[in-house]
Amino acid sequence: MTPALILAEFSTPAALYRGCERVRDAGYTRWDAHSPFPVHGLDGAMGMKRSMLPWIILVLGLGGAATGFLLQAWVHSMAYPLTISGKPHFAWPAYVPITFELGVLGGALAAVFGMLGLNQLPRHHHPIFDGSRFSRFSDDAFFISIEAADAKFDREATAKLLSAAGATHVEIVPETP
Amino acid sequence: MSAVRAPRVLRAEQVSIPAGHGLWRLPMISGAVGLVGLVLAFAFRGGDPKQFAFSWLFAFLFFLSLALGALFFVLIHYATQAGWGIVVRRLAENTMATVPVFAVLFIPLLMGMSDLFTWVHGVAEGKDHLLMSKAPYLNTSFFVIRAAIYFTAWSAIAFYFFRRSRAQDATGQTSVSLTLKRISGPAIIVLALTQTFAAVDWIMSLDPGWYSTIFGVYWFAGSFVSFFALMTLMVVGLQRAGLLTEIIGLEHFHDLGKLLFAFTVFWAYIGFSQFFLIWYGNIPEETIFFRHRLEGSWKAISLLLAAGHFIIPFFFFMPRTIKRKPRLLALGAAWMLAMHAVDIYWLVMPLQHPHGFSISLLDVAAFLAVGGVFFAVLSRLMLGAPLVPVGDPRLPESLSFENV
């Protein structure tokens, strides 16, 4: 059996929080915490870095706005100039609403699809769902999962670390065949 | 971690300005500055009463908009049952409680009415149809009556919320919060209407032929963003004086930054909407407003507003890092206050200097006078009670607030 990840269960949010600090300090990088509700400060305890999503949104938002503005400017003042209600061909105030809308559209789409992309979603299955008790993560239990792909992963040592960190139950979840 | 932290209880003396603290001198210093401004303003009034009236209106509107922004903040805070901002609510309450002072500061404007408003002199029969039909609204006695209504409404709301919140410090009664929540909704309606009509009376009617239905919102947007700027500066200032350092943290600054950012955008949205519709419609009665403001050196001020009141702060306040660095946030807040002064100047002064802006000594004197009085009263109110509403039952929620 090839291990996919190691799954440790914790009984309280506080135990999960301290467990995360131990795993973070041990230097693991490919791991995650699972809780039925948001735990304040958990991202700090996990040592999570800021997501790059805001930058994606900024670039695509500004890109959308630029597209909207340039498209209108090109259509109205170069490709097909028409005089409308006595305004100049390059009537920039008239372009602002569409510029704004395309900026919002670009930013919104970047936010949704960037989030999905960074989370490697959608995917139809993940080995973690084979964990015998994992279904309780959406009810009343707290978990830490460490992937076997992590450079520091070692069956015995990692399991020992998690038990020492306060896990009530540790199991190795195999790769889905 | 907040989940395991016990709720904190604050005692009044932990969050009050201690006796003998340097801040006790602030009302005196501000009062002295105000007095110097008053003496200068009235000394030079004789030379140019018209300039005096416009300078005073500029200073009056700038500081009044801060007080009204604070009033709206307190009301919306109760109406939405916001938790994060209870630690800063008392600062807003102190700011809004300066409103009655502005009823007194309004007197020089009544003295200068005939210099400010051309409609005071009336219109000859058959001369100007538009002004004729506006005469039942734009006349001296109704103008004074309306001003009295505005100040009465604002003072009544401000006084009631101020008194009840302070009384709660000692009793900690939940019923006070519930009563204020119930009243806040109707009070917001009263404030919105009076502030809109005040903008029409005191700014829009400077050019009696001009009208814009969004104008009240424009003034409100500027007042609200500049109030958040003032609030940020007050918090940073108090913390540098060694107060509230354990009470107001990065999470609260983060929220103040978000609101500064949001209402900077809101101001631009309203300002552009006004410009856009007037530009599009191209009707002379409406375009006159922007014709004045795009002529001569006023054009530079208009461009400064677009860049300095929107584009620069839009990118400055956007990153999370800035919102969580109180010094940088304070820098941005000071900038926004300066830009709000430019905004008010841009609204008022083109009527006095149609061919290009020119700053007068009276502008400075009136600004010092009104500002000195405003800060004297504001700092005196801060000394009178804890700087945080210690009796609010939801204070612990605000103290341990975290952005998710």
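These numbers come from the heavy atoms of this one structure, side chains and all, not from hydrogens, waters or symmetry mates. Naming convention: chains lettered A, B, ... in sequence-line order (proteins, then strands); numbering from 1 in each chain. The structure displayed is predicted, hence computed values, not measured ones.
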*Measuring heavy-atom distances to chain B, does A:Leu58 have an atom under 4.5 Å in its side chain, in its backbone, in both, or in neither?*
side chain
*Would B:Lys323 count as a cation-pi partner of B:Phe261, with NZ or CZ less than 6.0 Å from the six-membered ring centre and within 45° of the ring normal?*
yes
*asked:* Students often mix this up, so state it plainly: with edges at 30° and 60°, are the rings of A:Phe129 and A:His126 parallel, tilted or perpendicular?
replied: perpendicular
*Structural part of A:Pro54 lying under 4.5 Å from a heavy atom of chain B*: neither
*Heavy-atom distance under 4.5 Å to chain A: side chain of B:Tyr280, backbone, both or neither?*
backbone
*Measuring heavy-atom distances to chain B, does A:Leu62 have an atom under 4.5 Å in its side chain, in its backbone, in both, or in neither?*
side chain
*If you look at every heavy atom in B:Gly83 and B:Glu397, which pair is closest and at what distance?*
CA-OE2, 3.6 Å
*Under 4.5 Å from a heavy atom of chain B, the part of A:Ala91 involved*: both
*asked:* Any carboxylate oxygen within less than 4.0 angstrom of a Lys/Arg side-chain nitrogen, looking at A:Asp25 and A:Arg22?
replied: no
*Quick one: do B:Phe215 and B:Trp210 satisfy ring-ring contact (aromatic ring centres under 6.0 Å, His included)? Show the steps, please.*
CA-CA 11 Å; B:Phe215 193 71; B:Trp210 181 69; 5.6 Å; yes
*Examine whether an atom of A:Trp55 lies under 4.5 Å from a heavy atom of chain B, and if so say whether it belongs to the side chain, the backbone or both; otherwise answer neither.*
neither
